[in-house]
2 protein chains.
Amino acid sequence: MNASSFAQLRCGDCPIRHRAVCARCNADELEALDAIKYYRTYEAGQPIIWSGDVMNFVGSVVSGIATLTQTMEDGRTQMVGLLLPSDFVGRPGREGAAYDVVATTDVVMCCFRKKPFEELMERTPHIAHRLLEMTLDELDAAREWMLVLGRKTAREKIASLLAIIARRDATLTPGGATNRMVFDLPLTREAMADYLGLTLETVSRQISALKKDGVIELEGKRHVTVPDMRLLMEEAGDDSDGGFLG
Amino acid sequence: MNASSFAQLRCGDCPIRHRAVCARCNADELEALDAIKYYRTYEAGQPIIWSGDVMNFVGSVVSGIATLTQTMEDGRTQMVGLLLPSDFVGRPGREGAAYDVVATTDVVMCCFRKKPFEELMERTPHIAHRLLEMTLDELDAAREWMLVLGRKTAREKIASLLAIIARRDATLTPGGATNRMVFDLPLTREAMADYLGLTLETVSRQISALKKDGVIELEGKRHVTVPDMRLLMEEAGDDSDGGFLG
DNA sequence: CCAGAACCTTGATCCAGATCAACCGGGATT
DNA sequence: AATCCCGGTTGATCTGGATCAAGGTTCTGG
C-alpha cells in the first residue's frame with residue numbers, strides 16, 4: 001500500500017474506521033469532507049508536527065504508529081500519547097500544536113484542511129459531538145496513564161503497556177478478544193521507556209523477566225505472544241477488565 | 001456563605017465564572033439553565049461521586065476544592081484531577097462516573113440536571129463548543145501532569161504543584177500575576193502525595209527543603225509565601241512560562 | 001564479506017525516594 | 001487539665017530503578 005494508491009480513495013474507502021467523522025455522516029457531508037481531504041505519508045522517524053507549530057490540518061492515522069511527546073529543556077522526554085490507526089490528530093479551534101508528533105513507523109495520514117473542517121463542524125453538530133466524545137476518551141486514557149506513571153512498579157508498567165497494545169491490536173483484528181494473543185511491538189525499548197517514565201535498560205530487564213516467568217513469549221525482539229491475557233492483566237495490577245484507551 | 005443563601009441566586013450571580021455555560025449565553029439560554037439548576041453543598045471529606053455511579057448532573061465548583069482520584073485494588077491511589085472553583089464536573093453524553101470525586105474542603109456545587117442540560121447543549125452549539133474547549137484544556141493539563149509524574153524529581157514535582165496552585169489562585173485574585181505570591185495550601189500532605197505519585201513523608205521533606213533554601217516561606221503548615229515566582233518556576237524545571245491547567 | 005550503526009541485553013554499582021519508626025503540636029473531647 | 005487524634009516532621013534504613021559499562025545481534029551500505 002503506497003501513497004499513490006490513495007490518490008483515488010474516498011473517505012469511506014480508508015482501510016480504517018474514521019472515528020471522527022465517517023460513522024454518521026450523510027452523503028453531502030462525505031462529499032464536503034472529500035473536498036478538503038488529502039493523504040500524506042511520513043517515513044519512520046520523521047517529525048509530523050513540532051510543538052508550537054501552526055497546524056493547518058486535522059486528521060486520522062490511516063496506517064503506522066505515531067507518538068505524542070513532551071520534552072524538557074534538559075532533554076528528558078515523556079510520551080503523552082500513542083497514535084494508532086484510526087486515532088485522531090489535531091484540535092479544532094486551536095492554533096498551535098501542543099506536542100511533538102513523530103512517526104515511529106512509516107505513517108499514512110488522512111488529513112482534512114483545518115479551516116474548512118472547522119466550518120463543516122460548525123454546521124454539523126454530530127461531528128462536534130463525536131469530537132467531544134473522542135476528546136473525553138483521550139482524557140480517560142491520559143488519566144489512566146497518570147495512575148500507571150504515578151503508582152505502578154516497572155513490571156506493572158510494562159505489563160500495562162503490553163496489555164494496551166494487545167487490546168488495541170485486537171480491536172483491529174477480526175475475531176475479537178481471546179486469551180491467547182500475538183502481536184508485534186510497534187515501539188523501540190527507548191520509546192517504551194519514554195512512555196512509561198523508565199529507562200530503556202529497565203524496560204529491557206522487565207521484558208526479560210516477564211519472558212522468564214512465562215507471562216509472555218518472545219520471537220526476536222519485537223514479536224510477542226501472550227499465552228494468557230488474564231495473566232498479563234494481573235501483572236498489570238489492573239482491576240478493570242480494560243476499558244482503557246477508550 | 002451557607003447553602004440557604006444560594007436559594008435565590010441566579011446563574012449570573014454565582015461568585016465564580018461559569019466557564020461552561022455563562023460566558024456567551026443569551027437571556028433565553030440563561031433562563032433555561034436557571035430552570036434546571038440547583039445548588040448542593042458537601043462537607044470536607046465527603047464523597048461527591050463514586051467511580052461507577054450513574055451521574056444525573058453536571059456542574060461547576062462554586063467554592064471549595066474537590067479531587068478526582070483513581071484507586072487500585074490494593075489501595076494505591078492516584079489523583080488525576082484537582083477541581084478548583086469554576087472547574088466543571090461531569091461529562092455530557094456519558095452515563096457513569098469514571099473516577100471518585102471527593103470534597104477536600106467544604107464544597108458548594110452549582111449543578112445542572114444532566115438530561116435537560118444535554119438537550120440544551122444539543123440545540124445550543126456554542127455550549128457544545130465551549131465544552132470541547134474545556135475538555136481539551138483538561139487534556140492538556142492531564143498531559144502536562146504525565147510529564148511531571150513520569151520525569152520530574154520529587155523537588156520538581158512539589159515546585160510544580162505549588163506553581164499550579166499559586167497560578168490558579170492568581171487567576172481568581174484581582175491584581176494578576178506578580179513575582180511575590182501568597183496563598184493557602186488547600187491539600188493535606190497526603191493529598192499532595194497522591195497528586196504527585198510520592199509518599200507523604202517525601203512531600204513533607206521536600207517542602208522543608210524548599211523552605212530551608214528560601215524558595216518558599218511557611219506560616220503554620222498551610223500558609224505559603226513565594227517571594228519570587230520565577231525562582232519557583234525554575235525549581236519546577238518548567239520551560240514554559242506556565243500555560244498549564246488551561 | 002566486512003564495517004558501522006541501530007537496537008537490545010546483561011552486569012555492577014549507586015542513590016532518590018520508599019518504608020519503618022518515633023515524636024511534635026494543636027484542637028476537640030471529657 | 002488530661003487524653004486522644006489528626007496532620008505533620010524528622011531520623012534511620014532499605015530497595016527499586018537509575019546510571020555506568022561492556023558486549024551481543026541485526027541490518028545496511030560499501
Side-chain angles (χ1 to χ4, degrees), chain A residues 43-46 65 67 72 74-78 102-106 148-162 184-213 216 218-224 235 237, chain B residues 43-45 65 67 72 74-78 104-105 148-162 184-213 216 218-224 235 237:
Chain A
E43 280 174 38
Q46 294 296 315
I65 282 97
T67 62
M72 294 171 67
D74 62 7
R76 282 178 281 177
T77 75
Q78 175 66 50
V102 179
T104 293
T105 63
D106 288 354
V148 172
L149 287 170
R151 292 302 185 192
K152 291 195 178 179
T153 64
R155 173 183 264 244
E156 289 171 332
K157 285 178 175 182
I158 296 289
S160 298
L161 178 58
L162 293 177
D184 284 299
L185 283 174
L187 301 174
T188 66
R189 300 291 186 260
E190 189 179 22
M192 290 188 245
D194 281 345
Y195 207 152
L196 298 165
L198 298 171
T199 59
L200 67 91
E201 293 97 326
T202 297
V203 170
S204 182
R205 273 186 252 271
Q206 294 300 333
I207 287 180
S208 298
L210 287 176
K211 179 181 168 186
K212 185 168 67 62
D213 296 347
I216 60 171
L218 269 183
E219 206 172 321
K221 319 272 182 197
R222 299 292 193 94
H223 192 76
V224 179
E235 289 289 348
Chain B
E43 280 174 37
I65 282 98
T67 63
M72 294 170 68
D74 63 6
R76 281 177 282 177
T77 76
Q78 175 65 51
T104 293
T105 63
V148 172
L149 287 171
R151 293 301 184 193
K152 291 195 179 180
T153 65
R155 173 183 264 243
E156 288 170 334
K157 286 179 176 183
I158 296 290
S160 298
L161 178 57
L162 294 177
D184 284 298
L185 282 174
L187 302 173
T188 64
R189 300 291 186 260
E190 189 179 22
M192 288 188 246
D194 282 344
Y195 208 153
L196 298 166
L198 297 171
T199 59
L200 67 90
E201 293 97 327
T202 298
V203 170
S204 183
R205 274 186 251 271
Q206 294 300 332
I207 288 180
S208 298
L210 287 176
K211 179 181 168 185
K212 185 167 67 63
D213 296 347
I216 59 171
L218 269 184
E219 204 173 325
K221 318 274 183 197
R222 300 291 193 94
H223 193 76
V224 179
E235 289 288 348

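Chain naming here is simple, since letters A, B, ... match the order of the sequence lines and numbering starts at 1 in each.
- Side chains of L185(B) and M192(B) form a contact here, defined as non-hydrogen atoms less than 4.5 Å apart.
- The structure places CD1 of I216(A) at 8.5 Å from CD1 of I158(A), a figure rounded to the nearest 0.5 Å.
- Less than 4.0 Å separates DNA chain D from at least one heavy atom of each of the following residues of residues 199-209 of chain A: T199(A), E201(A), T202(A), R205(A).
- Listed by chain and number, the residues in a side chain to side chain donor-acceptor pair (under 3.5 Å) with T67(B) amount to none (sequence neighbours excluded).
- Crowding of E190(A) atom CD: a count of heavy atoms from other residues, nucleotides or ligands under 6.0 Å not exceeding 12.
- Atom CD1 of residue I65(B) and atom OG1 of residue T104(B) lie 7.5 Å apart, to the nearest 0.5 angstrom.
- Using a 4.5 Å heavy-atom cutoff, the side chains of L198(B) and K157(B) are in contact.
- Here R155(A) lies out of heavy-atom contact (under 4.0 Å) with every strand.
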| field | side chain to side chain contact (heavy atoms under 4.5 Å, CB included) assessment of D194(B) paired with L187(B) | value | CA-CA 10 Å; D194(B) 282 344; L187(B) 302 173; over 6 Å; no
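- With a heavy-atom cut-off of 4.0 Å to chain A, the contacted part of DNA chain C has its first and last nucleotide at dC8(C) to dA12(C).
- Fit an axis to the five pairs at each end of the helix from dC1(C)-dG30(D) to dT30(C)-dA1(D) and the two axes sit 30° apart, to the nearest 10 degrees.
- Residues satisfying the side chain to side chain donor-acceptor pair (under 3.5 Å) test with D213(A), not counting sequence neighbours, are R155(A).
- Put simply, the side chain of Q46(A) never gets that close to the backbone of V102(A): no donor and acceptor are under 3.5 Å apart.
- Listed by chain and number, the residues in a side-chain contact (heavy atoms from CB on, under 4.5 Å) with K221(B) are R189(B) (sequence neighbours excluded).
- With sequence neighbours excluded, the residues that form a side-chain contact (heavy atoms from CB on, under 4.5 Å) with E219(B) are H223(B).
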Show me, pair by pair, the donor-acceptor contacts under 3.5 angstrom made by side chains of residues 200-212 of chain A, not counting sequence neighbours?
unit_1: T202(A); atom_1: OG1; unit_2: T199(A); atom_2: OG1; d: 3.1
unit_1: S208(A); atom_1: OG; unit_2: S204(A); atom_2: O; d: 3.1

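- Listed by chain and residue number, M72(A), D74(A), R151(B), T153(B), E156(B) satisfy the side-chain contact (heavy atoms from CB on, under 4.5 Å) test with R76(A) (two or more places apart in sequence, or in another chain).
- Nearest-nucleotide assignment on DNA chain D puts the 5′-proximal partner with G197(A), out of G197(A) and K221(A).
- A nucleotide of DNA chain D counts as in contact with chain B when one of its atoms lies under 4.0 Å from a heavy atom; the first and last such, 5' to 3', are dG8(D) to dA12(D).
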